[in-house]
Amino acid sequence: MWRNWLLLPRSFPRCLPRVSLWGEQTCGRMERAVVRCVPCEPKLTISFTLDGSRRQLLRDQTEGVGKALQRIASGVVKSQSKSKKSKKGPASGQPAEPAEPAVVLRYNGERVASDATNLDAWRDGAVLHVGEMKYRVERNPPTLVAAELPASLLAGFPVCPKLEIEFGELRDCVYRWFKEGPDRSWTEAGSDRVYKPSNSDVGLKIKLKVTPGDGSREGVARELVSAGAVEAGPGGCTFDNRHAYTCKVTDESTLRVVTYNILADVYAQTEVARTVLYPYCAPYALDLDYRQNLIKKELSGYNADIICLQEVDKNVFADSLSPALDAFGMDGVFRIKDKQHEGLATYFRRSKLKLLSQHDVVFSEALTSDPLHSELLQKVSSNASLLEKVLKRSTTLQVTVLQALTDPTKQLCVANTHLYWHPKGGHIRLIHMDMALRHLHRLISTERPGASLLFFGDFNSSPSCGAFQLADQGSISHTHPDWTRTEVEEHCPMDLVSPFQLQSASGEPAYTNYVGGFHGCLDYIFLEPRALKVEQVIPMPSHQEVTTHQALPSVSHPSDHIALICDLKWK
């Protein structure tokens with residue numbers, strides 16, 4: 001259907017202003033008629049501008065083009081009639097009905113037959129004639145389908161627009177950044193996909209003009225103006241000194257890997273978080289927009305090849321992190337936790353690695369349905385209270401298999417998890433860790449032989465806990481305290497053996513989680529030393545940096561956890 005038919009003059013002018021690829025108005029050149037035609041969809045869309053009003057027509061692809069052209073002509077007449085009726089008629093009576101304009105589609109100068117289907121008729125290079133107006137047909141040109149600037153802008157922090165393109169690539173787009181002057185004029189300030197405002201931009205709005213492209217064609221430009229002005233940043237952050245060790249992307253023989261619990265907004269915004277968990281943190285520093293500025297700057301500065309994140313809000317993954325990390329050369333996959341609003345995200349550098357497959361597992365489902373865990377299920381089922389608690393947990397293992405682009409024999413099985421948090425849940429974490437290791441061993445031994453395991457996560461386990469020791473030392477006895485450090489009715493001790501020989505690549509830091517009432521080492525990067533060796537562990541922030549604002553999170557650190565970063569060398 002036609003939408004927004006505006007009032008038209010009695011006759012079509014021979015020359016109207018034209019919006020070019022850059023949005024500049026010129027005269028004497030044809031307007032554009034954009035046709036979106038996708039084979040898997042039954043209809044196509046024809047869009048063009050007439051007298052400053054955007055016109056859009058949705059038609060069946062198999063329909064004869066003559067019907068579409070007639071619909072255009074009828075729409076023009078209808079719009080003109082409405083325009084005339086809204087004005088006073090001449091003294092002699094009612095105004096005459098407007099004549100229907102000639103609407104013709106030509107290709108290579110020849111008129112397209114009216115019985116040609118819309119699918120075949122609307123081709124690149126065809127010319128649509130509406131009265132004396134001419135439109136150049138562009139079929140499936142690069143088009144921005146979503147474009148948005150972040151709500152919060154901080155000086156010194158990257159501004160990464162959310163952009164989605166159809167029939168093109170973001171790397172082929174043209175970007176022009178502007179900053180607002182004191183007289184509300186705009187001064188060009190950059191031409192990269194990401195813009196970093198300076199201190200001199202504080203108090204000013206910024207504008208982005210994006211022209212979509214596909215390497216050979218350019219589409220219609222979009223302009224985005226920030227809702228608010230650039231604000232002053234927090235000054236020094238806990239990760240600034242760490243960036244000195246990660247200022248460049250590693251070479252092909254090395255992988256820089258990161259694990260980080262970024263604190264889900266769904267938890268940070270609760271009343272308990274503001275008054276009990278993090279009462280020392282300024283309220284504005286817990287806001288999502290503020291924390292996302294810090295997280296994006298921190299992650300982009302690590303120049304990592306693999307990033308595994310925990311507590312990632314679903315919307316944060318889609319609307320904030322992925323657009324930002326995509327601009328820095330990374331692709332990502334997301335796994336939401338069952339009945340939760342947050343989950344796990346794994347990102348990888350697309351210039352070095354490619355995604356081969358995904359093998360995620362929900363532990364509560366796998367325990368009862370996967371024969372691999374039948375023996376474990378039998379033991380756990382002997383304790384009804386324990387079985388009920390295990391089946392209530394939404395703990396998930398995200399598994400992504402990656403391959404080095406330069407050497408197909410180098411494959412990585414990248415596991416990412418966030419184990420149960422409760423202080424008395426060590427026995428649950430042991431069961432989940434055992435299941436994770438068995439799942440990963442089966443995958444590597446049967447489907448991806450030769451792949452090397454990297455196991456990331458927030459394991460909620462200190463080095464004295466069973467889950468850490470099972471991974472790091474290879475076995476756990478039924479006498480381990482974690483089996484009995486819980487309610488008596490949930491006791492179910494057992495011996496567990498790991499099928500892997502793993503080591504903690506980042507060692508055992510004094511703490512990776514630092515809040516007002518607790519600090520300890522809960523996060524790890526486990527690797528198989530047969531294929532990879534640790535080349536460098538990026539130093540943790542100093543204790544002074546962590547405690548400048550008492551604890552984490554703070555105005556200079558976005559999470560209650562600290563990222564672990566290692567450089568690993570292929571053997």
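All values derive from a computational prediction rather than experimental measurement. The chain is numbered in sequence order, starting from 1.
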Please answer whether the main-chain N or O of [Y] pairs with a side-chain N or O of [X] as donor and acceptor at a distance below 3.5 Å.
X    : Y    : result
N293 : D289 : yes
R256 : K248 : yes
Q269 : V266 : no
H557 : L294 : no
T512 : D523 : yes
R429 : H422 : yes
N416 : T346 : no
S300 : K297 : yes
N383 : L386 : yes
K337 : V362 : no

Using the ring centroid of each side chain, check whether [X] and [Y] are separated by less than 6.0 Å.
X    : Y    : value
H432 : Y420 : no
Y290 : F157 : no
Y260 : F239 : no
Y514 : H543 : yes
F459 : F468 : no

[X] versus [Y]: any side-chain heavy-atom pair under 4.5 Å?
X    : Y    : result
Y278 : L286 : yes
L309 : L344 : no
W483 : C492 : no
L391 : T368 : yes
M435 : L397 : no
S385 : E489 : yes
T548 : V546 : no
I525 : S504 : no

Is it the case that [X] and [Y] place a side-chain donor and acceptor less than 3.5 Å from each other?
X    : Y    : answer
R448 : S357 : yes
Q503 : D472 : no
D482 : H427 : no
K569 : S253 : yes
D567 : Q536 : yes
S475 : D495 : no
D360 : Q398 : no

> So I336 and H341, side-chain contact (heavy atoms from CB on, under 4.5 Å) or not? Walk me through it.
Replying inline: CA-CA 7 Å; I336 196 165; H341 297 285; 5.5 Å; no
> To the nearest 0.5 Å, how far apart are CG in L470 and CD1 in I476?
Replying inline: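 Going from CG on L470 over to CD1 on I476, the span is 6.0 Å.
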> When rounded to the nearest 0.5 angstrom, what distance separates CH2 in W421 from OG1 in T395?
Replying inline: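 Those atoms lie 12.0 Å apart.
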Side-chain ion pair, [X] and [Y], N-O less than 4.0 Å:
X    : Y    : answer
D338 : R393 : no
K389 : E490 : yes
D319 : K162 : yes
K314 : E342 : no
R349 : D331 : no

> Yes or no on ring pair (Phe, Tyr, Trp, His ring centres under 6.0 Å) for H549 and Y280, after CA distance, side-chain angles and deciding distance?
Replying inline: CA-CA 8 Å; H549 301 281; Y280 47 82; over 10 Å; no
> Can you list the steps and then say if T400 with Q358 is a side-chain hydrogen bond (donor to acceptor under 3.5 Å, both in side chains)?
Replying inline: CA-CA 5 Å; T400 308; Q358 295 175 251; 5.0 Å; no
>> Is it true that, when you exclude Q378 itself, more than 12 heavy atoms of the residues, nucleotides or ligands shown sit nearer than 6.0 Å to its CD?
In response: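 Counting other residues, nucleotides and ligands, CD of Q378 stays at 12 neighbours or fewer.
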>> Would you say that more than 12 heavy atoms from the other residues, nucleotides or ligands in this model lie under 6.0 Å from the OH of Y267, or not?
In response: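 Buried by this count: over 12 neighbours within 6.0 Å.
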Looking only at heavy atoms, what is the nearest atom pair of [X] and [Y], with distance?
X    : Y    : result
L154 : G233 : CB-CA, 4.4 Å
A551 : G516 : CB-N, 3.9 Å
L255 : D305 : CA-OD2, 3.3 Å
V276 : P279 : O-CD, 3.3 Å
S506 : L564 : OG-CD1, 3.4 Å
L532 : L412 : CD1-CD2, 3.9 Å

> Can T406 and K352 be said to form a side-chain hydrogen bond (donor to acceptor under 3.5 Å, both in side chains), step by step?
Replying inline: CA-CA 7 Å; T406 57; K352 296 176 69 173; over 6 Å; no
> Can you name the side chain to side chain donor-acceptor pair (under 3.5 Å) partners of T409, sequence neighbours left out?
Replying inline: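 Partners of T409 by the side chain to side chain donor-acceptor pair (under 3.5 Å) criterion, ordered by chain and then number, come out as D407.
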> side-chain contact (heavy atoms from CB on, under 4.5 Å) between C566 and I538: does it pass, once the steps are laid out?
Replying inline: CA-CA 6 Å; C566 298; I538 307 305; over 6 Å; no
>> Go through it in stages, so that I can follow the logic: the residues are F317 and Y347, the test is ring pair (Phe, Tyr, Trp, His ring centres under 6.0 Å), and I'd like the CA-CA distance, side-chain angles, deciding distance and then a yes or no.
In response: CA-CA 11 Å; F317 174 83; Y347 289 92; 5.7 Å; yes
> Who pairs with D287 by salt bridge (Lys or Arg N to Asp or Glu O under 4.0 Å), at least two apart in sequence or on another chain?
Replying inline: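 Partners of D287 by the salt bridge (Lys or Arg N to Asp or Glu O under 4.0 Å) criterion, ordered by chain and then number, come out as R274.
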> D458 and Q310: side-chain hydrogen bond (donor to acceptor under 3.5 Å, both in side chains), yes or no, with the steps?
Replying inline: CA-CA 7 Å; D458 174 359; Q310 303 85 43; over 6 Å; no
> Given the rule in the side-chain contact (heavy atoms from CB on, under 4.5 Å) test, do E545 and I562 qualify, once you have shown the distances and angles that lead to the verdict?
Replying inline: CA-CA 12 Å; E545 289 173 320; I562 300 170; over 6 Å; no
>> Could you go through V399 and V414, starting from their C-alpha distance and side-chain angles, then the distance that decides it, and tell me whether this counts as side-chain contact (heavy atoms from CB on, under 4.5 Å)?
In response: CA-CA 6 Å; V399 185; V414 179; over 6 Å; no
